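Keep in mind that what you see is a predicted model, and the values were worked out from it rather than measured. Naming convention: chains lettered A, B, ... in sequence-line order (proteins, then strands); numbering from 1 in each chain. Below, each value reflects all heavy atoms present in this structure, side chains not excepted, and no hydrogens, waters or symmetry copies.
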There are 2 protein chains.
Amino acid sequence: MPRKNFICGCYTERRNRYLEPSLLLLLWQKPAHGYDLLTSLEKMGFHESHPDPGAVYKKLRHMEEFNLVKSHWETTGGGPAKRLYRITKLGRNHLKNWVAVLQKRHAALENFLQQYTTLSDENQA
Amino acid sequence: MPRKNFICGCYTERRNRYLEPSLLLLLWQKPAHGYDLLTSLEKMGFHESHPDPGAVYKKLRHMEEFNLVKSHWETTGGGPAKRLYRITKLGRNHLKNWVAVLQKRHAALENFLQQYTTLSDENQA
DNA sequence: TACTGCTATATGATTTAATCATATAATAAG
DNA sequence: CTTATTATATGATTAAATCATATAGCAGTA
């Protein structure tokens, strides 16, 4: 039986938004603090709307725990103190591993979409 | 501090293996039962090794609950009874929504990999 | 001064998909 | 009669994603 609220699949599924590799790439491009990264992430296209700030801050701390990034407080400049993150050598290495995974993923997606298109065309003809 | 067992990122992260859209596409191509789908999924390229049978059977039941697929028992033919799944009209519709999401995802991945390559080249030169 | 909005970080609770570990059973092959 | 293969299934655990919320500095303005 279908439930009242349709909560199955692409809309609600805990989707992998590639937060970790995205953050690593952005931090390789340029050291930044969490708040900056929120807007940068949005432009990367893995999020439909806004990325969740809580998720981003948590992920950054988590990555620091593993020495993928490191941070220090920045008190200079206006506004509240910022925690500036930079990527580490280990982080760059780790990103490389991510990229290998994402290349496969990209290829698999391409194949998937191709198959879908083919099937779609067949059923339309 | 990094933990003893490095459990961060691309190796261990609960990755989205696109189980739901994969199953829907495969079932659109051809009705099948769970055990068949295990091998078909492997060929789709979203899994590094073997897909987890438990996950597949659960997902199929879950999708049936939402009328995306329907099943019936097949007792004819050798071997233990099989539950043969077919996609429904709702399922095909739902797959279409998935595809829209995956097209965006595909584009975002392409952009990501492009940016990585650029940065990688810069740092090598 | 008080209020509002923006910048900035953070954490606790909840949800749920993914994973891990098993259990069951029919049949085919040796 | 034992083992491997085919086939489905479920309970427990883990961890990521999400939701809700708290804190606080500073800028502009009414």
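Nearest-nucleotide assignment on DNA chain C puts the 5′-proximal partner with Leu84(A), out of Lys58(A) and Leu84(A). Mapped onto DNA chain D by nearest heavy atom, Asp36(B) and Gly54(B) fall at different nucleotides, with Asp36(B) at the one closer to the 5' end.
At dT7(C), one or more side-chain N or O atoms of Tyr35(A) fall inside 4.0 Å of OP1 or OP2 (strictly under the cut-off). Residue Arg61(B) places at least one side-chain N or O under 4.0 Å from the OP1 or OP2 atom of dA9(D). Between Tyr57(B) and dT8(D) there is a side-chain polar atom (N or O) within less than 4.0 angstrom of OP1 or OP2. Taking 4.0 angstrom as the limit, Arg17(B) places none of its side-chain polar atoms (N or O) nearer than this to OP1 or OP2 of dA17(C).
Of the N and O atoms on the side chains of Gln114(B) and Thr118(B), at least one donor lies less than 3.5 Å from an acceptor on the other residue.
At whole-Å resolution of the value, NZ in Lys59(A) and P in dT9(C) are 18 Å apart. Put simply, NE2 on His47(A) is 12 Å from P on dC19(D), counting in whole angstrom units. His50(A) places its NE2 atom 12 Å from the P atom of dC6(C), with the value rounded to the nearest Å. In this structure, the CD atom of Glu65(A) is 15 Å from the C1' atom of dT11(C), given to the nearest Å. With rounding to whole Å, Leu41(A) atom CG is found 15 Å from dA8(C) atom P. Taking atom CG of residue Leu60(B) and atom P of nucleotide dA18(C), one finds them 13 Å apart after rounding to whole Å. Atom pair Lys82(B):NZ and dA26(C):C1' shows a separation of 12 Å (rounding to whole Å applied). Atom OH of Tyr85(B) and atom C1' of dA7(D) are 12 Å apart (whole Å).
Listed nucleotides dA9(D), dT19(C), dT18(D) differ in distance to Arg83(B); the shortest reach to its side chain belongs to dA9(D).
For the pair Glu20(A) and Lys59(A), the salt-bridge criterion is met [side-chain N within less than 4.0 Å of a carboxylate O].
More than 12 heavy atoms of other shown residues, nucleotides or ligands fall within 6.0 angstrom of atom NE2 in His72(B).
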Under the side-chain hydrogen bond (donor to acceptor under 3.5 Å, both in side chains) rule, what do His106(B) and Glu110(A) come out as? Steps first, then yes or no, please. CA-CA 7 Å; His106(B) 181 256; Glu110(A) 193 141 315; 2.7 Å; yes
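Checked against the 6.0 Å centroid criterion, the rings of Trp28(B) and Tyr116(A) qualify as a close aromatic pair.
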